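What follows is a set of notes on a single structure, which appears directly below.
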Amino acid sequence: MVGGGGGGVGAGLLENANPLIYERSGERPVTAGEEDEQVPDSIDAREIFDLIRSINDPEHPLTLEELNVVEQVRVQVSDPESTVAVAFTPTIPHCSMATLIGLSIKVKLLRSLPQRFKMDVHITPGTHASEHAVNKQLADKERVAAALENTHLLEVVNQCLSARS
């Protein structure tokens, strides 16, 4: 589930030593309606994107947004149906970090959203050689729970989720 890397996971060669770096989008302005505690505030795609955009890549000192692994257009939310779907695009088709990236996105959402939400985190169709296998792992609640019981793996996920200084 976890391969070697340069920037954070372990020692070794980077799979994608010179990734394309994309400009970060601006912060979303908070509206008066969002600040009003009397007005119900539904969760939307931008809110989900804001949660996951700053997740750190396991190999590079960059965020998933800066690597274009996550984009707001690939986030779908239905607050009334309590569903969130996030498609992410690994930087290369044979990225060994794809499962770890998906797990980090899933953990961030699990920690941030109300329990009523059902989450679907998957690879953008056609962008990874092992897309089906990775998606199957990420969709299996028992496998995700077992992965998070692995202290080393949980430590790596927490590094991906921690703010860089």
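What you see is a predicted model, and the numbers here were worked out from it, not measured in a lab.
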(request) Test Phe117 against Ile43 for side chain to side chain contact (heavy atoms under 4.5 Å, CB included), laying out the working first. (result) CA-CA 10 Å; Phe117 277 90; Ile43 294 174; 3.6 Å; yes
(request) Look at the side chain of Thr63 and the backbone N and O of Glu66, then say whether any donor-acceptor pair between them is shorter than 3.5 Å. (result) yes
(message) Tell me whether His94 contacts the main-chain N or O of Ala129 through its side chain, where contact means a donor paired with an acceptor under 3.5 Å.
(response) no
(request) Measure the CG-CD distance between Leu100 and Gln159 for me, rounded to the nearest 0.5 Å. (result) 9.5 Å
(request) In sequence, state the C-alpha distance, the side-chain angles, and the governing distance for Asp44 and Ile48, and then conclude on side chain to side chain contact (heavy atoms under 4.5 Å, CB included). (result) CA-CA 7 Å; Asp44 61 12; Ile48 299 301; over 6 Å; no
(request) Flag the pair Pro90 / Met97 as yes when at least one side-chain heavy-atom distance between them is below 4.5 Å, and no otherwise. (result) no
(request) Could you check if a side-chain atom of Val69 sits within less than 4.5 angstrom of a side-chain atom of Ile101, using non-hydrogen atoms only? (result) yes
(message) Quick test of your reading of the model: are Lys136 and Asp140 salt-bridged, counting only N-O distances below 4.0 Å?
(response) no
(message) Just so I know, are the side chains of Val121 and Val84 near enough to count as touching, which here means a heavy-atom distance under 4.5 Å?
(response) no
(message) Could you measure the distance from the CD atom of Glu81 to the CZ atom of Arg116? Nearest 0.5 Å is fine.
(response) 11.5 Å
(request) To the nearest 0.5 Å, tell me how far Ile52 CD1 sits from Gln72 CD. (result) 9.5 Å
(message) Under the rule for side-chain contact (heavy atoms from CB on, under 4.5 Å), what residues qualify as partners of Arg111, not counting sequence neighbours?
(response) Val107, Leu154, Asn158, Leu161
(message) Just verifying a value: how many Å separate Cys95 SG and Glu59 CD, rounded to the nearest 0.5 Å?
(response) 6.0 Å
(request) Calculate, to the nearest 0.5 Å, the distance between atoms CG and OG1 belonging to Asp57 and Thr91 respectively. (result) 6.5 Å
(request) Measure the CG-CG distance between Leu62 and Asn68 for me, rounded to the nearest 0.5 Å. (result) 12.0 Å
(message) What I want to check is whether the side chains of Thr89 and Arg74 have a donor and an acceptor closer together than 3.5 Å.
(response) yes
(request) Find out whether Phe88 and Leu67 are in side-chain contact, i.e. whether some heavy atom of one side chain is under 4.5 Å from a heavy atom of the other. (result) no
(request) Kindly give the heavy-atom pair with the smallest separation between Ala98 and Ile123, and that separation in Å. (result) CB-CD1, 4.0 Å
(request) Report the C-alpha distance between Thr83 and Val77 in whole Å, list the side-chain angles of each, state the deciding distance to 0.1 Å, and finish with yes or no for side chain to side chain contact (heavy atoms under 4.5 Å, CB included). (result) CA-CA 6 Å; Thr83 59; Val77 179; over 6 Å; no
(message) Among Leu51, Leu64, Val75, exactly one meets side-chain contact (heavy atoms from CB on, under 4.5 Å) together with Val70. Which residue is that?
(response) Leu64
(request) Please examine the side chains of His132 and His122, heavy atoms only from C-beta on, and report whether any two atoms are closer than 4.5 Å. (result) no
(message) If I compare all heavy atoms of Glu131 with all of Pro125, which pair ends up nearest, and what's the gap?
(response) OE2-CA, 3.3 Å
(message) Quick one: does any side-chain atom of Asp120 pair with a main-chain N or O of Val86 as donor and acceptor, under 3.5 Å?
(response) no
(request) Dump the intermediate steps for side chain to side chain contact (heavy atoms under 4.5 Å, CB included) on Leu103 and Leu148, then the final yes or no. (result) CA-CA 9 Å; Leu103 187 61; Leu148 297 175; 4.2 Å; yes
(request) Please list, chain by chain and in numerical order, all residues satisfying side-chain contact (heavy atoms from CB on, under 4.5 Å) with Leu110, sequence neighbours excluded. (result) Lys106, Met119
(message) Holding to side chain to side chain donor-acceptor pair (under 3.5 Å), I want the full list of residues that pass it with Ser130, two or more places apart in sequence or in another chain.
(response) none
